[in-house]
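Right, one structure below, let's go through it.
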Amino acid sequence: MAADTLKSTTGAGGGAAAVRRLLLDNGALTALIVLLIAMSALSGDFLTTDNLLNVGVQAAVTAILAFGVTFVIVSAGIDLSVGSVAALSATVLAWSATSHGVPVVLAVVLAVATGIAAGLVNGFLIAYGKLPPFIATLAMLSVARGLSLVISEGSPIAFPDSVSHLGDTLGGWLPVPVLVMVVMGLIAAFVLGRTYIGRSMYAIGGNEEAARLSGLRVKKQKLAIYALSGVFAAAAGIVLASRLSSAQPQAADGYELDAIAAVVIGGASLAGGTGKASGTLIGALILAVLRNGLNLLSVSAFWQQVVIGVVIALAVLLDTVRRKAGAAPVAAGTGGGGKGRQAVTYGLAAVVTVAVVGATSFLHSGSSSTSNPKVGLALSTLNNPFFVQIQSGAKAEAKKLGVDLTVTDAQNDASQQANQLQNFTSSGYDAIIVNPVDSDAAGPAVRAADKAEIPVVAVDRGVNKATTNTLVASDNVAGGELAAKTVAEKLGGTGKIVILQGQAGTSAARERAEGFAKGLKAFPGIQVLAQQPADFDRTKGLDVMSNLLQAHPDVQGVIAANDEMALGAIKALGSKAGKSVQVVGFDGTPDGLTAVTNGTLYASVAQQPSELGRIAVDNALKAFQGKKVAETVKVPVKVVTEENVAGFTG
């Protein structure tokens with residue numbers, strides 16, 4: 001088909017038309033080549049062996065998820081649950097192997113069976129329950145994520161060492177996740193191109209009614225298709241947890257969108273009937289190259305989301321243009337000649353890419369590096385004022401000391417932060433500062449930095465199972481005790497309170513909750529009516545507090561694990577805030593301090609985040625220069641009330 005199209009185009013319009021047709025038929029591959037050339041030209045750190053291997057590792061989980069989603073999209077379906085199913089499968093493996101002594105091999109089987117079961121439920125609801133795929137898989141997204149949190153009790157579970165080797169390297173250089181990605185890709189290509197169920201996917205996606213009338217058992221095929229998607233989701237979850245050395249209940253949150261994007265960018269149509277594994281792999285690599293390159297160029301994570309959204313839109317637009325131009329459909333098993341030409345196309349693309357990228361490397365060969373030390377700051381999120389203040393303090397100190405500071409935002413995704421830390425290491429940064437999303441999950445990436453002899457400073461939260469030069473932090477547990485004592489004393493030692501907890505699975509939420517519990521033990525007259533998570537978010541704090549007020553209208557006090565949730569609670573309380581109900585927050589953010597000044601927030605346990613950022617940069621520079629730094633630098637917490645808020649700067 002591709003040969004006939006190319007031949008007719010060449011005859012009609014000459015070489016230019018043939019090139020145009022080739023580009024249209026291989027839009028994703030063309031985009032990947034352009035990206036590789038552009039990133040190589042813009043960043044001297046991109047075209048290194050270590051960084052290119054990083055790209056492969058960072059693409060692995062998305063690609064494995066996307067291979068499973070390819071089956072669903074080819075059959076004109078959608079699967080929004082794969083990210084949550086991946087997290088649930090990994091949690092089942094870790095929970096059964098470490099908490100209940102199940103043999104590791106059997107635990108892996110249970111994890112895969114979990115993915116299959118989730119896929120079968122999706123398929124049953126869609127095929128026999130007649131639910132739209134969007135609704136059925138959206139429901140499974142919520143159920144699987146909830147079960148993951150229930151099983152893990154909101155905390156990460158250490159992964160078995162024997163399985164954690166899936167996140168290691170072979171021979172000290174070849175990443176195992178890349179090998180797993182290649183194997184899963186070959187399996188996906190075989191299923192699509194060489195099996196009965198693969199042909200059924202294309203038939204159902206092309207015209208479901210025609211497939212049914214031709215004798216195809218559509219309902220049973222859909223069960224198998226979604227079960228296959230579940231298997232690939234389970235494999236992706238195991239690989240992801242292996243990289244992080246722990247099963248994170250919040251892992252792979254939002255990855256279903258990346259998986260769908262990879263499939264669409266790779267040339268599949270959401271209308272069904274077209275798609276192939278090689279295109280999906282290219283789509284996943286495009287996303288990984290984009291994120292990796294934009295990180296190296298110090299582009300904000302917020303702008304990265306904008307860029308990726310634009311790329312997805314352009315991919316769909318290209319698909320529309322390709323169809324209007326009569327380009328060959330991207331389907332598997334369409335003839336040996338077409339496959340031969342495709343192999344030649346990929347080979348030529350590889351040659352062109354190597355040649356051009358090699359040429360662009362000369363742009364950086366003569367450039368001299370800056371004399372200023374390069375320090376990377378990997379923050380857990382910039383969606384929270386507390387961490388924005390850490391960034392502000394760090395930037396001010398970096399400017400003062402002549403340090404080139406690069407800041408990344410993991411958006412509370414432990415896997416994304418691991419990628420960012422890998423990028424800092426492969427780019428040869430002089431020092432790294434990390435504010436871990438999770439202390440266990442940051443361990444492998446920090447160990448890699450240790451191996452590269454790059455000093456690492458942890459800020460606000462420590463890193464487990466890895467060596468850091470120093471930890472700059474306030475004591476979350478001590479701060480939690482102080483918050484409990486503050487509200488209890490304000491209520492005179494007796495009263496009814498509620499507690500708004502942070503995001504399940506994060507170390508800050510666990511430590512502050514532990515502190516609240518310890519502090520309240522000294523006040524037996526304080527009754528805790530309810531404890532509910534509001535995810536460190538102001539809107540969720542408003543919603544959760546509004547709900548709690550319906551059940552407990554006699555509440556007299558509120559402890560919130562950060563100021564954002566406290567401000568949401570104040571909004572829900574209305575005129576009661578600061579009068580009949582005393583609210584205590586945590587962090588000492590600007591909005592929180594304003595509420596303290598206004599009297600609606602009784603107190604905030606302030607951690608002086610700007611000071612945390614300043615001291616972290618100072619210690620990172622000292623460690624790079626070989627100077628001695630303290631193993632732990634404690635920044636004291638301070639209870640800020642209306643009486644002393646005027647003198648507090650944060």
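Just so it is clear, the values below take in all heavy atoms, side chains as well, and ignore hydrogens, waters and symmetry mates.
- For F159, the ring pair (Phe, Tyr, Trp, His ring centres under 6.0 Å) test picks out no residue, with sequence neighbours left out.
- Nearest heavy-atom pair across S148 and A87 is OG-O, 3.8 Å.
- Distance alone, capped at 3.5 Å, places no donor-acceptor pair between the Q420 side chain and the N295 backbone.
- A284 and A59 make their closest contact through O-CB, 4.0 Å (heavy atoms, listed as atom of the first residue, atom of the second, distance).
- In this structure the side chain of L110 never reaches within 4.5 angstrom of the side chain of L93, judged on heavy atoms.
- At distances below 3.5 Å, at least one donor-acceptor pair connects side-chain atoms of D79 with backbone N or O atoms of S81.
- Of the possible polar contacts, none joining the Q503 side chain to the A534 backbone as a donor-acceptor pair under 3.5 Å is found.
- With a 4.5 Å cut-off on side-chain heavy atoms, F46 and L36 count as touching.
- Note that CG of L179 is 4.5 Å distant from CG of L174, once rounded to the nearest 0.5 Å.
- A ring-centre distance under 6.0 Å is found for F71 and F232.
- At a threshold of 4.5 Å between non-hydrogen side-chain atoms, the residues R291 and Q58 do not count as touching.
- A donor-acceptor pair is defined here as one N or O able to donate and one able to accept, closer than 3.5 Å; such a pair exists between the side chain of S214 and the backbone of A211.
- Side-chain contact of N423 with N292: a donor-acceptor pair under 3.5 Å is present, judged by distance alone.
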>> Could you go through Q250 and V437, starting from their C-alpha distance and side-chain angles, then the distance that decides it, and tell me whether this counts as side-chain contact (heavy atoms from CB on, under 4.5 Å)?
In response: CA-CA 11 Å; Q250 294 285 8; V437 173; over 6 Å; no
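- Looking at every heavy atom in both residues, L421 comes nearest to A378 through CD2-CB, 3.8 Å.
- Looking at T137 and Y226, their side chains never bring a donor and an acceptor atom within 3.5 Å of each other.
- Taking every heavy atom of both residues into account, I126 and P133 meet most closely at CD1-CA, 3.7 Å.
- Counting only heavy atoms from C-beta outward, the side chains of E208 and K222 approach each other to under 4.5 Å.
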With side-chain contact (heavy atoms from CB on, under 4.5 Å) as the criterion, how do V82 and S229 come out once you've worked through the C-alpha distance, each side chain's angles and the decisive distance to 0.1 Å?
CA-CA 7 Å; V82 288; S229 180; 3.5 Å; yes
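- Counting only N and O atoms by type, the side chains of T114 and S89 include no donor and acceptor under 3.5 Å apart.
- Side chains of D440 and S245: a donor-acceptor N/O pair is absent below 3.5 angstrom, by distance only.
- Distance check, rounded to the nearest 0.5 Å: CE of M39 to CG of N51 gives 10.5 Å.
- Of all non-hydrogen atoms in A63 and L281, the two that sit nearest each other are CB-CD1, 4.4 Å.
- Annotation: the span from L138 atom CG to L131 atom CG amounts to 11.0 Å, rounded to 0.5 Å.
- Considering only heavy atoms from C-beta on, L285 comes within 4.5 Å of L32 through its side chain.
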Checking side-chain contact (heavy atoms from CB on, under 4.5 Å) for the pair R243/Q422: CA distance, chi angles, key distance, verdict? CA-CA 12 Å; R243 283 193 63 205; Q422 283 182 330; 3.2 Å; yes
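- To the nearest 0.5 Å, atoms CG (L240) and CG (L166) are separated by 12.0 Å.
- Here the side chains of V74 and K276 are not in contact, with every heavy-atom distance at 4.5 Å or above.
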Audit row: S164, D168, side-chain contact (heavy atoms from CB on, under 4.5 Å) steps and yes/no
CA-CA 7 Å; S164 290; D168 295 340; 5.9 Å; no
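- Remark: the backbone N or O of G254 is not paired with any side-chain donor or acceptor of D258 at under 3.5 angstrom.
- The two residues G237 and A90 have their closest heavy-atom pair at O-CB, 3.5 Å.
- Between L141 and E256, the closest side-chain pair of non-hydrogen atoms falls below 4.5 Å.
- In this structure, L53 and V178 have side chains that are not in contact, with every pair of non-hydrogen atoms separated by 4.5 Å or more.
- Qualifying salt bridge (charged side-chain N to carboxylate O under 4.0 Å, His left out) partners for R212, counting only residues two or more places apart in sequence or in other chains: E209.
- Atom CE of M201 sits about 6.5 Å away from atom OG1 of T195, to the nearest 0.5 Å.
- Formation of a donor-acceptor pair under 3.5 Å by the S242 side chain with backbone atoms of I238 is found in this model.
- Within the 3.5 Å criterion, the main-chain N or O of Q248 finds no donor-acceptor partner in the side chain of S246.
- Remark: W95 CH2 to L88 CG distance equals 10.5 Å, nearest 0.5 Å.
- Using modelled atom types and a 3.5 Å distance limit, the side chains of S415 and D413 yield no donor-acceptor pair.
- Counting heavy-atom neighbours within 6.0 Å of E153 CD, excluding the residue itself, gives a total of 12 or less.
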